[in-house]
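Step one of this worksheet: look at the structure below.
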Number of protein chains: 2
Amino acid sequence: MTLIPSPAQLPTVRPLVTVDLAILTVREHRLHVLLVRRPTEPAEPYPGHWALPGGFIRVGTDQTLLDCAQRKLAEKTGVESPYLEQVAAVGSADRDPRGWSVTHLYLALIPSNDVILRAGANAAAAEWHPIEGDRVNVPLAFDHESLLALALDRLRAKIEYTSLPAFLLVEPFTLPELQHVYEVVLDRPVEKSAFRKRLFAQDFIEATGASRETGKRPAALYRLRYRDKPVYFPRTFSPRGD
Amino acid sequence: MTLIPSPAQLPTVRPLVTVDLAILTVREHRLHVLLVRRPTEPAEPYPGHWALPGGFIRVGTDQTLLDCAQRKLAEKTGVESPYLEQVAAVGSADRDPRGWSVTHLYLALIPSNDVILRAGANAAAAEWHPIEGDRVNVPLAFDHESLLALALDRLRAKIEYTSLPAFLLVEPFTLPELQHVYEVVLDRPVEKSAFRKRLFAQDFIEATGASRETGKRPAALYRLRYRDKPVYFPRTFSPRGD
DNA sequence: TCAATAGTGTCTCTTAGACACTATCGT
DNA sequence: ACGATAGTGTCTAAGAGACACTATTGA
């Protein structure tokens, strides 16, 4: 790949390029998203608004889009290697008042126990906000409400047929804990027996041998057999097979 | 949305932003992708190589990323409203020798009958190339081989559980024709009876009343009930339910 | 009447949902 | 022994694959 400088016909006016993160976790039986406050200088767009964490690609620092997302996630949460997936790119002339911009939305799933929230250089505060349906209880900057909705759609769609919720728990976890996470995200009860048969059929978890003592009958602890990728189930969880 | 100019802290060095298209069709019992030849000036990267059609976002012309993709598709093929879906964004420091660049890959499905190929301003020739497995029979410019593989993965994955192949046919079409398209893309035979039961269960096609005369028994003609979105099937086509 | 393709009926197998049942803990 | 939670077994229903069967055309 030879580097041939050809300044001719490269566009001189280029869009702004950003990465935004929908960092989701389950705390207190609810799905939460991590939000940061935008700086309050009036020269900034949406001063003081809540927003998804994110920022511009640093051409000198970031080697790839994914690197950039990973860097921002680590800056905000200290979490190094979570589940991280690109959801979509959204670009238009008017989504940012500062000019034509494209953002690259990533979905991150992390166990809430792991997190140490850090107020980044560019964000006064970072806080977990509970999800209500498709939204959060505060208005968001830019088009971040629709970006959040995109990320939630993706999560809910994939949860119907993948093992994604396992990435919302610290290992090892029990099957009742995992089932509970499915129920929180899907916002509907899941049948215990069918749930377990499904999991075992995919053979993606293995018993550690230990069990969690809770005062009642202890539950067996499991860990993931493959830590990087989710497992795909042959059918969805939909009740009555619809 | 007030427009507040704030030149401070906007990045001065910005990535190149492009859109690339994997335009697929079925011709002569094979899946084909539309490729264009890159200009031959030696100052250009990959002069004379085959590439996916695409180009830079025009900040002054394109309102959104999707608009840009639609414009490029119409320029190359004359097709106005095909099935068009964003597959992924790929960005890194080294995928384009001219600098840090992000491309936005779109998958387009069109009926080959509809197409009038047009050599664009920036492309000496546009040609259909047959797909062999994950690849095409010529080397491609940039990282377009992996982009093509991404688009094919997406198509093949979705075809297992959606009605996407219907967008590769001109309406009205017969069920044997539709089945044949599934078989071409999946590269495996599909069982006739199960195939038809599946389609009818989703209730997304309707008989026109007419039928196609072929010399043997005529086949009933169908049209799509909903032209914009594919239908999702409850299970995949995988043989032996795996 | 025959070849060829379109279209249907029937059987089986797999798997999810429902739900009742058993198992194991602390008190 | 009992309450509570963990975990299993069994029945049923839905849908897919397999495949044989019927239907409709031209020659």
Side-chain angles (χ1 to χ4, degrees), chain A residues 29 159-163 165 169 172-183 186 188-223 231-242, chain B residues 29 159-163 165 169 172-184 186-223 231-242:
Chain A
H29 313 292
I159 271 186
E160 294 282 357
Y161 59 92
T162 69
S163 64
L169 289 174
F173 50 79
T174 69
L175 295 195
E177 284 166 0
L178 185 56
Q179 184 179 343
H180 181 251
V181 175
Y182 272 94
E183 292 175 332
L186 292 173
R188 95 166 99 92
V190 166
E191 211 282 324
K192 181 172 52 165
S193 171
F195 178 76
R196 299 168 84 102
K197 270 184 277 184
R198 235 174 120 88
L199 296 191
F200 291 137
Q202 286 313 113
D203 189 51
F204 78 106
I205 47 175
E206 56 189 2
T208 64
S211 46
R212 173 106 64 219
E213 310 293 334
T214 60
K216 308 298 168 188
R217 174 173 176 177
L221 287 166
Y222 292 85
R223 69 173 143 257
V231 159
Y232 289 76
F233 300 112
R235 286 213 222 164
T236 71
F237 269 112
S238 328
R240 218 174 318 279
D242 115 287
Chain B
H29 313 294
I159 272 184
E160 294 282 358
Y161 59 94
T162 69
S163 64
L169 289 173
F173 50 79
T174 70
L175 295 194
E177 284 166 359
L178 184 56
Q179 182 180 342
H180 181 251
V181 175
Y182 271 95
E183 292 175 333
V184 165
L186 291 174
D187 195 28
R188 95 167 99 92
V190 166
E191 210 284 322
K192 182 173 49 165
S193 172
F195 178 76
R196 299 167 85 100
K197 271 184 277 183
R198 235 173 121 88
L199 295 190
F200 291 137
Q202 287 312 114
D203 189 53
F204 77 107
I205 47 174
E206 57 188 1
T208 64
S211 46
R212 171 108 64 219
E213 310 294 334
T214 59
K216 307 300 168 188
R217 174 173 175 177
L221 287 166
Y222 292 85
R223 69 173 142 257
V231 159
Y232 289 77
F233 299 112
R235 286 213 223 163
T236 71
F237 269 110
S238 328
R240 216 170 323 275
D242 112 290

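A quick note: this is a predicted structure, and the numbers were derived from the prediction, not measured. In the text below, chain A, chain B and the rest are named by the order of the sequence lines, each starting its count at 1.
- We find that CD of A:Glu191 is positioned 9 Å from P of C:dC19, with the value rounded to whole Å.
- Annotation: side chain of B:His29 is in contact with side chain of B:His180 (closest heavy-atom distance under 4.5 Å).
- The CZ atom of B:Arg196 sits 19 Å away from the P atom of D:dC19 (whole-angstrom rounding).
- For the atom pair NZ (A:Lys197) and CD (A:Gln202), the distance works out to 14.5 Å, reported to the nearest 0.5 Å.
- Closest-nucleotide positions on DNA chain C for B:Lys197 and B:Lys192 were compared, and the one nearer the 5' end corresponds to B:Lys192.
- Counting to the nearest Å, the P atom of C:dA16 and the CG atom of A:Leu199 are 10 Å from each other.
- For the atom pair CG of A:Leu178 and CZ of A:Phe195, the computed distance is 4.0 Å after rounding to the nearest 0.5 Å.
- Put simply, CZ on A:Phe195 is 16 Å from C1' on D:dT5, counting in whole angstrom units.
- No contact: A:Ala201 has no heavy atom under 4.0 Å from any strand.
- The CZ atom of B:Arg198 sits 19 Å away from the C1' atom of C:dG7 (whole-angstrom rounding).
- Within the 4.5 Å cutoff, side-chain heavy atoms of B:Leu186 are placed close to those of B:Glu160.
- Between B:Leu169 and B:Tyr222, the closest side-chain pair of non-hydrogen atoms is not below 4.5 Å.
- From B:Ile205, atom CD1 reaches atom CG of B:Leu199 across 5.0 Å, with rounding to the nearest 0.5 Å.
- Using a 4.5 Å heavy-atom cutoff, the side chains of B:Thr174 and B:Thr214 are not in contact.
- Rounded to whole angstrom, the span from the CD atom of B:Glu160 across to the P atom of D:dG17 amounts to 10 Å.
- The distance between atom CZ of A:Phe233 and atom P of C:dG17, rounded to the nearest whole Å, is 12 Å.
- Atom NE2 of B:His180 is separated from atom C1' of C:dT5 by 14 Å (rounded to the nearest Å).
- Side chain B:Ser193 to base C:dG7: no donor-acceptor pair is found below 3.5 Å.
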Please list each protein N or O that sits under 3.5 Å from an N or O in nucleotides 25-27 of chain C, with the distance.
residue: C:dG26; atom: O4'; partner: A:Gly215; partner atom: O; Å: 2.6

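- For A:Phe200, taking side-chain heavy atoms from C-beta onward, the closest of the listed nucleotides D:dT8, C:dA6, C:dG17 is D:dT8.
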